[in-house]
Amino acid sequence: MTKKGELRAGERLVITMINYDGPIEMDFVKSHAWEKMKLVLLIYYCRNKQLNSNLLYKIGFVKLFTPPEIDLEIIKKDYDYIVKTIRDGRAHELSERDTMYLGACTKGANAEKSTVPQYYGDNIPARKRAFCFKNSYMTYVLNHYIAGEQSDNSIIKDINSIKENTFEQILEQIVSRYVGKSDKELCELFGRDYNNNKAQWNDLACKILGIRDEHADEFVKANIRVKTIRVEENNSIKENMSFSPFKFMELVNQDFENSELHKFFEETKLFFFIWKKDGDVYRVKSCQLWSMPSNDLEVVVRNEWEQYKNIIQYGVKFIKSVDRKGKISFKNNLPNKSDTQIIHIRPHSKMAAYQFNNGESYGNVERDANMLPNGEYMTTQSFWINNNYILKQLKDY
């Protein structure tokens, strides 16, 4: 149970190990994965860590479950993608973020101890993986197929469309009907006030897709986050992309592989809805589903994350300055955006707050700061994706 009182699956549902020792079945219906998932007895129990033993956790829901037909069409496509990647000798490139509902999750404690040779290709070692229903899909199953929560916020209106196309193709087909239309025209078309605030472009994207908000059924099941991107006339992006704030003490006690940042990029796909500036309006340009390339995540982002962790762990240094009006500010030795390729950190709060071991204190520390390993407090930070990196990921702008 979340703090908001919502039900959430505690983990993904592992179905069966992926075999790297021999040929893999190409036909989904003949596969061991389908044999294991076509009828599952689901037993959901509610975690309550205040109880003395997990044997006291109460079972809340029990049901025999088979994926409904509309989900099964997407699951088949996920299976085909995973199998093709393995048969191409690229099992080492697999990631949960590449698929919708059926994932290929890692098994084993860490990469070094959990790799095996591939049957296909050049025997590049690959992480042990298993077919699984993603955590996000199991949460949807719990809330909608078992607990009975109703939803009419689906992008796919006709099952035949998903039989004939991928989900990304369906999104592209819908958006293509509105390419070239301005935000002002769309506000008039959908009966929405034109107010030029940040939420406007996100709201218009949802209206184009025929959904109430960004929590469309398919997005929720597949853990897809909607990100509207506005490209300026000079082909630049003004804004960096922000993520949830983090606590310094939690960050320094994590390894990259079990960090919140790695988990996000490993399991999450982003839906980019792209607008292009044209005079005083933005026009619909294109859309795409995107997940971070494996090398970018496992090499570049890992190195940049480690840099931040090391400085936070072994000492953030501050330089105090006072401007002509007497306003006090602090610079630090953490890498700036210009020092990184993909990610940087910057304040999450609009209000700066610091507390130092010498007794100096600035701003509302309790509200806007959190503690560093040395006992000092610094304005709460969050990770951001560099806007120039985002621009490079766009296929059409």
Side-chain angles (χ1 to χ4, degrees), residues 1-4 8 10 47-52 54 109-112 239-268 292 297-387 389:
M1 188 76 71
T2 68
K3 292 179 181 179
K4 296 180 180 179
R8 185 180 66 198
R47 286 178 175 161
N48 183 350
K49 295 183 179 180
Q50 294 179 344
L51 297 176
N52 293 329
N54 58 10
N110 56 62
E112 293 181 2
E239 297 175 334
N240 303 288
M241 191 175 291
S242 65
F243 296 92
S244 299
F246 62 86
K247 293 188 180 299
F248 300 121
M249 295 302 293
E250 292 178 0
L251 180 73
V252 298
N253 287 314
Q254 294 174 343
D255 295 323
F256 181 66
E257 284 189 357
N258 60 26
S259 69
E260 290 300 316
L261 191 71
H262 186 274
K263 180 181 178 182
F264 179 88
F265 287 125
E266 174 67 20
E267 299 178 1
T268 308
M292 184 172 285
L297 176 60
E298 301 299 343
V299 178
V300 182
V301 173
R302 178 190 294 270
N303 289 337
E304 293 174 352
W305 184 90
E306 292 284 0
Q307 287 181 50
Y308 284 112
K309 175 185 174 180
N310 288 338
I311 294 174
I312 291 169
Q313 186 169 11
Y314 297 111
V316 178
K317 298 177 182 178
F318 297 98
I319 301 174
K320 180 180 177 180
S321 62
V322 183
D323 65 16
R324 293 178 180 178
K325 296 181 180 180
K327 183 179 179 180
I328 298 172
S329 61
F330 295 90
K331 292 184 178 180
N332 58 59
N333 61 329
L334 292 166
N336 295 316
K337 175 194 158 189
S338 58
D339 301 319
T340 63
Q341 296 181 51
I342 299 180
I343 60 167
H344 65 282
I345 69 170
R346 56 198 286 195
H348 185 84
S349 173
K350 293 181 180 179
M351 305 301 293
Y354 300 89
Q355 182 175 302
F356 302 111
N357 291 333
N358 63 5
E360 289 185 80
S361 182
Y362 303 90
N364 190 328
V365 173
E366 185 175 340
R367 183 190 65 193
D368 298 318
N370 69 84
M371 190 173 69
L372 291 161
N374 66 356
E376 296 184 327
Y377 284 77
M378 177 183 177
T379 308
T380 299
Q381 308 279 314
S382 59
F383 280 101
W384 299 65
I385 303 183
N386 300 354
N387 53 4
Y389 173 77

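Along the sequence shown, residues are numbered consecutively beginning with 1. As a basis for the values below, the full set of heavy atoms in this structure was taken, side chains included, without hydrogen atoms, waters or symmetry mates.
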| field | Qualifying residues under ring pair (Phe, Tyr, Trp, His ring centres under 6.0 Å), relative to H262, sequence neighbours excluded | value | F256

| said: I'd like to check K317 versus N332 (side-chain heavy atoms, cut-off strictly below 4.5 Å). Are they in contact? | reply: no

| task | Look up atom CZ in F243 and atom CE in M241, then write down how far apart they are to the nearest 0.5 Å. | result | 6.5 Å

| message | Before you tell me yes or no, could you show the steps for Q341 and Y389 under side-chain contact (heavy atoms from CB on, under 4.5 Å), namely the whole-Å CA-CA distance, both residues' side-chain angles and the distance that decides it to 0.1 Å? | response | CA-CA 7 Å; Q341 296 181 51; Y389 173 77; over 6 Å; no

| message | Walk me through whether Y377 and Y354 qualify under ring-ring contact (aromatic ring centres under 6.0 Å, His included). | response | CA-CA 5 Å; Y377 284 77; Y354 300 89; over 10 Å; no

| query | Would you say the side chains of S382 and S242 form a donor-acceptor pair under 3.5 Å? | reply | no

| request: To the nearest 0.5 Å, tell me how far I311 CD1 sits from Q307 CD. | output: 7.0 Å

| message | Strictly distance-based, threshold 3.5 Å: is any side-chain N or O of D339 a donor or acceptor partner for the main-chain N or O of N336? | response | yes

| said: Quick check for you: to the nearest 0.5 Å, what is the distance between S259 atom OG and N253 atom CG? | reply: 12.5 Å

| said: Working to the nearest 0.5 angstrom, can you tell me the gap between L261 CG and E266 CD? | reply: 12.0 Å

| query | Does P335 offer a backbone N or O that forms a donor-acceptor pair with the side chain of Y308 under 3.5 Å? | reply | yes

| said: Looking at every heavy atom in both Q355 and S361, which two are closest together, and how far apart are they? | reply: OE1-OG, 4.1 Å

| field | Shortest non-hydrogen separation from E239 to N387 and the atoms involved | value | O-CB, 3.2 Å

| message | Given 3.5 Å as the limit, does a donor-acceptor pair link the side chain of D323 with the main chain of G326, or not? | response | yes

| query | Looking only at heavy atoms, what is the nearest atom pair of W305 and D255, with distance? | reply | CH2-C, 3.7 Å

| Test ring-ring contact (aromatic ring centres under 6.0 Å, His included) applied to F356 and F318, step by step | CA-CA 10 Å; F356 302 111; F318 297 98; 5.2 Å; yes

| query | Measuring from E304:CD to F383:CZ, what's the distance to the nearest 0.5 Å? | reply | 9.5 Å

I'd like a table of donor-acceptor pairs (distance under 3.5 Å, sequence neighbours excluded) in which one partner is a side-chain atom from residues 365-375, with atom names and distances.
residue: D368; atom: OD1; partner: S349; partner atom: OG; Å: 3.1
residue: N370; atom: OD1; partner: F248; partner atom: N; Å: 3.0
residue: N370; atom: ND2; partner: T380; partner atom: OG1; Å: 3.3
residue: N374; atom: OD1; partner: E376; partner atom: N; Å: 3.0
residue: N374; atom: ND2; partner: E376; partner atom: OE1; Å: 3.3

| task | I would like to know whether I345 and L334 meet side-chain contact (heavy atoms from CB on, under 4.5 Å); could you show each step before the answer? | result | CA-CA 8 Å; I345 69 170; L334 292 166; 3.7 Å; yes

| message | For V301 versus I343, what's the shortest heavy-atom pair and its separation? | response | CG1-CD1, 3.9 Å

| said: Assess the residue pair E257 and R302 against the criterion (salt bridge (Lys or Arg N to Asp or Glu O under 4.0 Å)); give the C-alpha distance rounded to whole Å, side-chain angles, the decisive distance to 0.1 Å, and a yes or no. | reply: CA-CA 9 Å; E257 284 189 357; R302 178 190 294 270; 3.8 Å; yes

| request: Check Q254 against E260 and note the closest heavy-atom contact, atom names and distance. | output: OE1-N, 3.8 Å

| task | Evaluate the ring planes of W384 and H344, with Trp represented by its six-membered ring, and classify them as parallel (under 30°), tilted (30 to 60°) or perpendicular (over 60°). | result | parallel

| task | Evaluate ring-ring contact (aromatic ring centres under 6.0 Å, His included) for F330 paired with Y362, printing each intermediate quantity in order. | result | CA-CA 10 Å; F330 295 90; Y362 303 90; 5.1 Å; yes

| message | Would K337 and N240 count as a side-chain contact (heavy atoms from CB on, under 4.5 Å) here? Give the steps. | response | CA-CA 10 Å; K337 175 194 158 189; N240 303 288; 3.6 Å; yes

| Would you find more than 12 non-hydrogen atoms of other residues, nucleotides or ligands less than 6.0 Å from R346 atom CZ? | yes

| remark: When every non-hydrogen atom of A352 is compared with those of T379, the smallest separation belongs to CA-OG1, 3.5 Å

